[in-house]
Amino acid sequence: MTATGRHPAFAGLDPPHRWPVLPRSPRPDRLELGLDTLPGVGPALQRKLAKLGLTTVRDVLEHRPRRYETAADEVKIAALRAGEECVIAGRVLKAEKKPMRGRRTRIVARIEDGSDVITVNWFNQPWLADKLTPGTQIRLRGKLGRFGFEPRSYDLGETRATADFAPVYPAAEEIAAASVRRVVDLALPLATNVPDPLPAELRDRERLPLKRDAIAAVHRPRDLAEAERGRARLAFEELLVLQIGIARRVAEREQTLAPGLGEAGDLIRRYREALPFALTPYQEQAIREIDGDLARTTPMQRLLQGDVGSGKTVVALYVLLRAVENGRQGALMAPTETLAEQHFLTIADLCLELGVTCALLTSSSKKAERANALAADVVVGTHALIQTGVELRDLAVAVVDEQHRFGVEQRSAISGSRAPHVLHMTATPIPRTLALTVFGDLAVSEIKKPPASRKPVITSWITEERASEAYTRLTRLLSEGRQAYVVCPLIELSETSLARAAEAEAERLRRAELKEFRVGCVHGRLKTPERRELMARFKASELDVLVATTVIEVGVDVPNATVMIVQEADRFGLAQLHQLRGRVGRGAEQSYCVLVSRAKEELTESAQARLQALVDTSDGFELAEVDLDLRGGGALLGTRQSGISDLRFAHLRRDRALLERAREEAPHIAGGPLRDAADELFAEVDRETLA
Ligand code: ADP
Ligand code: MG
């Protein structure tokens with residue numbers, strides 16, 4: 001904290017604009033008005049705005065500009081050159097409204113700045129006519145076109161905001177950036193109705209601007225620093241709401257009891273002996289940390305992270321057996337049935353050897369099988385299946401693989417005031433900031449290195465027109481006895497059409513590029529026995545190539561598969577591609593991953609950055625950081641339940657200082673609008689994630 005008692009995170013944060021004195025007191029209800037109440041917003045525009053998620057005045061006020069255009073040079077009218085973006089400043093000589101065909105209108109104004117006079121045209125902004133009275137001072141940003149000056153933005157009177165630091169809102173199809181800007185213009189005067197939910201004491205202490213001032217600063221800053229100060233104020237409030245909700249969850253967790261599992265005993269000793277290898281120091285360290293948690297009666301919430309192939313499953317089984325040796329049950333939950341089966345196959349033999357009953361629960365399990373499965377010592381199944389399995393005899397430990405819905409399992413498995421210990425496993429590392437945010441104090445164990453040193457996968461990125469080269473190389477490797485995956489594009493279709501697309505692609509490859517090879521196809525629509533058989537055949541090298549949807553994303557383990565081709569890779573997220581790539585590079589042979597994308601010009605900047613990052617590194621941590629940067633954390637790990645996807649102004653990585661500040665402040669906020677907001681946010685999140 002600084003001498004003024006203000007935290008450095010807020011250094012230089014001063015109220016931006018001075019508002020006109022309000023004729024009436026604020027009316028927050030006005031913020032809930034539909035956008036059709038704004039002059040000039042008709043049904044068509046309203047519909048387009050709704051597609052951006054903007055339906056009320058509040059939505060528009062909280063619509064964050066993605067960036068700002070930097071200032072353009074101010075130029076005398078006489079010195080204007082066609083096509084160059086610049087600012088002119090002068091006064092209105094006259095302005096006329098001219099009707100056009102249809103219901104379109106044009107405003108033609110004459111502007112003079114002492115050096116010359118110029119014509120300025122505005123289309124479809126009829127209300128402007130009344131504002132452009134002769135003598136009005138005006139600043140315009142735009143360029144000289146064929147019929148005069150073409151303004152992109154303007155300021156009237158003394159304000160000097162729009163023309164210099166015009167906000168650029170997130171791009172959307174069908175709706176021009178200028179329209180969004182105009183709607184924000186219309187909504188901004190209503191910002192005076194925005195109440196400030198921060199406790200006055202906190203606001204004074206940190207000398208924070210009022211929320212309404214921060215909103216104005218974000219949309220109409222005088223300079224970039226002012227925009228950032230406004231954003232920081234709004235980000236802080238968001239983080240505070242999040243942290244209040246999280247603090248409450250943590251408190252709830254501390255109220256629940258999990259069975260204390262004491263120290264490892266005989267079963268664990270036998271497990272260690274049965275393993276064909278010694279655990280690595282990283283695995284041992286993770287186990288020590290886990291044992292510490294299990295000895296307590298506060299439910300464990302620990303994240304075990306380690307890249308694919310680092311040896312997490314061994315640790316998972318260890319934890320499950322810790323439950324079993326205490327006469328209780330363990331459950332292993334996977335995101336898909338394929339993965340659940342893989343896990344089951346991995347651990348079943350070992351369990352048998354140890355005299356521990358282990359059962360696989362699938363959606364095709366018959367009623368009797370289901371009852372049997374639920375009585376086993378270790379139950380393996382999908383997340384969804386086990387979640388509905390309140391019938392579990394005596395669940396003490398749940399291991400959750402790649403689900404990224406921290407806390408949810410525990411919350412849904414809570415009966416009365418009892419909850420299981422939960423170990424989350426992930427190959428997609430979670431930056432520390434996120435771990436703190438997601439579950440307040442989610443503990444993290446990390447397996448930093450795999451048991452044996454493996455060769456990193458060589459990754460290349462090519463565009464579609466060069467895809468045939470990839471297949472040429474693929475056939476060469478296949479001829480040498482290697483196996484491969486071809487991953488079909490991720491299309492936003494139903495599981496059924498996805499399956500159909502995969503089948504079609506497999507058929508195409510069988511006839512064309514991969515004529516000489518045995519091609520199988522797996523997707524989510526296959527019946528369990530069929531899928532199991534296909535996977536088994538691939539594993540036994542009876543198939544050379546597996547065409548697949550993302551069902552192979554995690555867990556599939558075929559060391560001889562050394563090539564992966566991902567079609568339309570630009571459609572996948574970074575974390576997802578990293579996961580997919582983890583299916584190769586599991587044996588001693590050099591592996592390759594080829595990302596095929598559309599032409600570079602067609603890709604968004606972020607898609608290009610994602611693909612390049614994958615080529616550049618195979619370090620999961622680095623990739624997670626890149627992903628966090630690109631996405632701001634929102635969708636990164638499917639962290640819907642954490643409330644993170646609701647952040648608009650906060651950026652988890654950049655706002656680390658604000659986040660820490662919010663964590664400190666949250667426990668002191670006893671009630672009031674912030675707490676209500678937190679309750680509301682988390683109630684909604686729970687409704688969605690527990691559903
Ligand atoms: P992850 O689940 O992290 O992707 P796995 O647990 O599937 O990794 O382990 C990858 C492979 O390494 C498996 O074949 C496993 O048997 C093997 N493995 C695990 N731990 C060790 C170890 N300590 N020494 C040697 N091999 C190991
Ligand atoms: Mg695994």
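In each ligand, atom 1 is the first atom listed, and ligand 1 is the first ligand listed. Computation of the quantities below employed the complete heavy-atom set of this structure, encompassing side-chain atoms and omitting hydrogens, waters and symmetry-equivalent molecules.
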Counting heavy atoms not belonging to D349, are there more than 12 under 6.0 Å from its CG?
no
Do other residues, nucleotides or ligands put more than 12 heavy atoms under 6.0 Å from R598 CZ?
yes
Numbering as shown, the atoms of ligand 1 that approach [X] to under 4.0 Å (heavy-atom distance):
{"X": "P451", "value": "12 (O), 18 (N), 19 (C), 20 (N), 21 (C), 22 (C), 24 (N), 25 (C), 26 (N), 27 (C)"}
{"X": "T313", "value": "2 (O), 5 (P), 6 (O), 7 (O)"}
{"X": "L279", "value": "23 (N)"}

Below 4.0 Å from any atom of ligand 1, is there a heavy atom belonging to A278?
yes
Checking heavy atoms under 4.0 Å, the part of Q283 that sits near ligand 1 is side chain
Residue-level breakdown please: for S310 versus ligand 1, do any non-hydrogen atoms fall below 4.0 Å on the side chain, on the backbone, on both, or on neither?
both
So that I can tick it off, tell me whether [Y] and [X] are bridged by a salt bridge, with the cut-off set at under 4.0 angstrom between side-chain N and carboxylate O.
{"X": "R531", "Y": "E341", "value": "yes"}
{"X": "R272", "Y": "E284", "value": "yes"}
{"X": "R269", "Y": "E273", "value": "yes"}

Are side-chain N/O atoms of D401 and H343 paired as donor and acceptor at under 3.5 Å?
yes
Geometric N/O contact G311 with ligand 1, under 3.5 angstrom
yes
